[in-house]
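Take a look at the structure below.
Note: hydrogens, waters and symmetry copies are ignored here, and every other heavy atom, side chains too, is used. Note that the numbering runs from 1 along the sequence shown for the chain. Keep in mind the model is a prediction, meaning the values are calculated, not measured.
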Amino acid sequence: MGLGKKKGGRKEPLFGLPAALADLRLTAADRIPGGDDKPKKSTKSSAKRKSEDAGDEPPRERKVSASRSGAKRRSKSRGSFGLGRLVYWGAVLSLWGVIAVIGVVIYVGAHLPPIQSLEIPKRPPTIQIVGIDGSMLAQRGEMAGANVALQDLPPYLPKAFIAIEDRRFYSHFGIDPVGILRALVTNVLHRGVSQGGSTLTQQLAKNLFLTQERTMQRKLQEAELAIWLERKHSKNEILELYLNRVYFGSGAYGVEAAAQKYFGKSAKNVTIAEAAMLAGLVKSPSRLAPNRNPEGAEARAQIVLTAMADAKFITEAQAKASIGQPSYNVKPAGAGTVNYVADWIGEVLDDLVGQIDESIKVETTIDPKLQSVAEAAIIDELAAKSVKFNVSQGALVAMTPDGAVRAMVGGRNYSESQYNRAVTAKRQPGSSFKPFVYLTALEQGLTPDTMRQDAPIEVKGWRPENYTHEYFGAVTLTQALAMSLNTVAIRLGLEVGPKNVVRTAHRLGISSKLEPNASIALGTSEVSVVELVGAYAPFANGGFGVAPHVVTRIRTLSGKLLYMRQPEERNQVIDPRYVGMMNTMMRETLISGTAKKAEIPGWPAAGKTGTSQDYRDAWFIGYTANLVTGVWLGNDDNSPTKKATGGGLPVEVWTRFMKTAHEGVPVTALPSAPGGWGLSNLAQAASQVSPPTAAPAPGPAPSNSYRPPPTRANVRPEAAAGLDGWLMDRLFGGNR
């Protein structure tokens with residue numbers, strides 16, 4: 001019956017093992033007697049006892065009490081279990097976090113340069129280019145000033161950088177968590193990157209060892225290197241390294257180079273305002289460089305002054321007094337057309353010294369005074385007449401008779417165009433090429449007094465004409481060259497052979513490819529200014545070939561000699577007799593020919609003008625025994641000018657330059673033919689006189705067909721009045 005009631009009564013729900021065990025009661029009767037194995041009987045007795053016990057205590061109450069006790073135990077167990085799980089997983093995650101950080105550090109460190117190479121790297125090599133007087137002309141490579149010790153700088157200079165870049169510099173360990181947090185908050189508030197969290201040490205690490213790319217890996221490397229730098233160097237050492245290595249724009253590295261670049265003074269002497277401007281450049285050196293953006297540089301300097309005042313590095317009065325004070329309008333060294341020279345030097349350095357691993361000084365043949373005069377002559381002449389004659393560019397090369405370049409202008413404005421028209425550009429020389437034709441003729445037995453016909457000529461359908469479209473009949477070679485008669489040059493070129501003309505030009509120094517055709521006599525093959533001037537040098541030095549050069553020595557900044565130009569073996573490329581003849585002929589160009597405007601008071605000079613087809617190029621190459629100078633004017637796109645000729649603008653530029661270049665220089669005569677050639681040819685010249693003919697016949701004229709050129713008003717004057725006067729002028733010098 002007890003079992004029946006138990007099944008039919010209300011049963012409280014039990015949960016979990018503790019609740020089930022709480023309801024279990026064992027009595028002595030329930031125990032199994034020793035040695036007696038009767039589980040069924042014991043079970044029945046136990047059931048009876050339970051039934052009897054149920055009469056003493058209501059079953060419901062006991063079950064409720066047991067349920068409450070189990071719930072308390074379950075709640076306590078659950079709380080302990082949840083806290084334990086939280087602690088456990090927190091420890092696991094922390095461990096993995098530490099492992100991840102260690103892994104990142106190891107990965108970043110593995111991609112750093114080897115530890116043994118993590119020393120302060122050498123400065124990038126610079127190339128200092130100096131003139132013949134030792135003055136600085138230009139610099140190439142990264143411009144790095146001399147290292148300046150921190151104690152040698154005015155105290156407000158380093159403080160300006162600390163104030164604007166890293167005010168907690170002396171309190172952090174290479175990385176500034178406070179600064180990073182402040183920058184993060186500021187950037188969030190401004191919804192963009194308006195403030196950086198890099199310390200000066202991090203910036204130094206980036207400048208010394210890393211690239212400028214913005215990646216997470218590079219930032220981690222920067223942080224790791226910053227900590228390494230802080231462990232290896234003191235704060236003052238780091239600050240000094242920073243000031244001497246940071247980039248300030250316009251190719252200037254370090255405060256010394258920047259101070260020289262922008263203020264023309266040493267960093268030791270900068271003012272508070274100038275120090276503020278230098279510190280302000282670090283944020284964006286290219287954009288804020290004062291020579292490019294003076295307004296932006298000034299505005300940034302004012303922010304730096306305010307920061308210095310806030311940090312108590314300077315007073316408010318000093319900050320206000322310094323606003324607007326920097327004098328940054330300083331013309332940097334090496335500005336202007338001398339940069340064409342610097343570029344030319346850069347092209348030949350590899351051949352002279354190979355790879356450059358340290359800073360060097362290149363000593364040159366350039367005369368800074370003559371370079372300035374040449375630059376002014378080109379720029380001023382073009383400024384005054386470029387529109388009138390539709391000429392946009394010019395070039396000038398001046399060298400000594402032994403090939404040392406004293407001045408070179410490769411264009412009117414280097415900042416607008418770095419194309420070097422003196423070295424790289426090749427243009428048709430026009431009639432300035434004719435001396436090579438006439439020299440070839442002299443070497444084949446002709447003389448300056450040899451007669452040739454100036455008359456219409458046709459070569460395979462080509463009909464070249466003279467500039468004036470006039471013809472003078474039989475003329476001497478001297479007259480033909482002085483008046484630049486095209487038909488005579490063509491006849492002479494065909495007579496001596498175009499291939500021989502090309503050989504002569506190459507022998508004298510022309511390196512460009514020349515086409516050996518009939519038109520070579522009129523300069524239709526292109527050459528550069530520097531090679532044409534170099535090919536004229538033998539006329540000025542007695543017939544010796546030269547190699548145009550500009551570098552004399554190359555040394556390291558410590559004084560080690562890397563290169564010295566050795567004297568070249570003098571190679572006679574023109575017989576002295578023919579040098580004298582050519583000089584006599586080309587002197588006539590300046591006296592009565594196409595270059596009558598050329599004048600150097602007291603100095604014997606010679607030369608040749610040149611104008612290419614359709615007035616595309618205007619040339620004049622002239623020389624004394626002191627200097628050989630060539631001038632070219634034209635347009636880069638090879639468009640025609642408005643009838644600009646070699647006897648016009650180029651001669652004017654040449655005269656202006658050469659007058660200044662010869663001031664105070666002792667006068668020296670041009671090389672002449674040994675023993676003279678006039679007397680030996682007097683009889684020949686006299687025997688060639690004959691009555692004038694009705695009309696000149698085309699083709700080479702016989703030596704006995706000479707007649708004086710026509711004397712109409714529109715005909716250029718001869719060298720002297722009449723044959724007798726002309727011969728006397730040749731023999732005794734006349735009134736030159």
**Request:** Decide side chain to side chain donor-acceptor pair (under 3.5 Å) for E515 and T524; before the verdict, give the C-alpha distance in whole Å, the side-chain angles of both, and the deciding distance to 0.1 Å.
**Result:** CA-CA 8 Å; E515 295 296 336; T524 53; over 6 Å; no
**Message:** Salt bridge or not between E526 and R427? Use side-chain N to carboxylate O under 4.0 Å.
**Reply:** no
**Asked** Does E495 pair with R452 as a salt bridge, N-O distance under 4.0 Å?
**Response** yes
**Request:** For D449 and T447, test the side chains for any donor-to-acceptor distance below 3.5 angstrom and give the result as yes or no.
**Result:** no
**Verdict with supporting geometry, K434 and S484, side chain to side chain donor-acceptor pair (under 3.5 Å)** = CA-CA 8 Å; K434 288 178 180 176; S484 198; 3.1 Å; yes
**Prompt:** Does a salt bridge link D133 with K369, judged by any charged N lying under 4.0 Å from a carboxylate O?
**Reply:** no
**Asked** Does some side-chain heavy atom of I378 sit less than 4.5 Å from a side-chain heavy atom of V653?
**Response** yes
**Prompt:** Do V533 and V530 come within less than 4.5 Å of each other through their side chains, counting heavy atoms only?
**Reply:** no
**Message:** With a sphere of 6.0 Å drawn around CD of Q572, does it hold more than 12 non-hydrogen atoms of other residues, nucleotides or ligands?
**Reply:** yes
**Prompt:** Do M483 and V488 come within less than 4.5 Å of each other through their side chains, counting heavy atoms only?
**Reply:** no
**Asked** Can any side-chain N or O of S135 pair as donor or acceptor with the backbone N or O of G131 at less than 3.5 Å?
**Response** no
**Prompt:** Does a donor on one side chain sit under 3.5 Å from an acceptor on the other, for E531 and S511?
**Reply:** yes
**Item:** Polar side chain donor-acceptor pair, N635 to S392, under 3.5 angstrom
**Value:** yes
**Prompt:** Under the side-chain contact (heavy atoms from CB on, under 4.5 Å) criterion, do V338 and Y414 qualify, and how do the steps go?
**Reply:** CA-CA 9 Å; V338 76; Y414 181 83; over 6 Å; no
**Request:** Inspect the contact between E599 and K597 and indicate whether a charged nitrogen and a carboxylate oxygen are less than 4.0 angstrom apart.
**Result:** no
**Asked** Is there a side-chain contact between P435 and F539 (heavy atoms, below 4.5 Å)?
**Response** yes
**Residue that, paired with S432, satisfies side-chain contact (heavy atoms from CB on, under 4.5 Å) out of V527, D617, T611, L532** = L532
**Request:** Taking the side chain as every heavy atom from C-beta outward, state whether L633 and L382 have any atom pair closer than 4.5 Å.
**Result:** yes
**Item:** ring-ring contact (aromatic ring centres under 6.0 Å, His included) partners of H549, counting only residues at least two apart
**Value:** none
**Asked** Is the shortest heavy-atom distance from the side chain of T668 to the side chain of T624 under 4.5 Å?
**Response** no
**Polar side chain donor-acceptor pair, S525 to K513, under 3.5 angstrom** = no
**Request:** Determine whether F544 and V573 make a side-chain contact, defined as any pair of heavy atoms from C-beta on separated by less than 4.5 Å.
**Result:** no
**Complete:** Of T645, T589, T594, the one forming a side chain to side chain donor-acceptor pair (under 3.5 Å) with T609 is T594
**Prompt:** Aromatic rings Y467 and Y615: how do their planes relate, parallel, tilted or perpendicular, breaks at 30° and 60°?
**Reply:** perpendicular
**Message:** Side chains of Q428 and S612 only: does a donor on one sit below 3.5 Å from an acceptor on the other?
**Reply:** no
**Asked** Do L370 and F657 come close enough that some side-chain heavy atom pair is under 4.5 Å?
**Response** yes
**Request:** State plainly whether the residues E381 and R656 are in salt-bridge range, i.e. N to O under 4.0 Å.
**Result:** no
**Request:** Take S639 and D637, measure what side chain to side chain donor-acceptor pair (under 3.5 Å) needs, and give me the verdict at the end.
**Result:** CA-CA 5 Å; S639 60; D637 59 2; 2.7 Å; yes
**Item:** Presence of salt bridge, R491 and D454, under 4.0 angstrom
**Value:** no
**Message:** Under a 4.0 Å threshold between the charged nitrogen and the carboxylate oxygen, would R406 count as salt-bridged to D367?
**Reply:** no
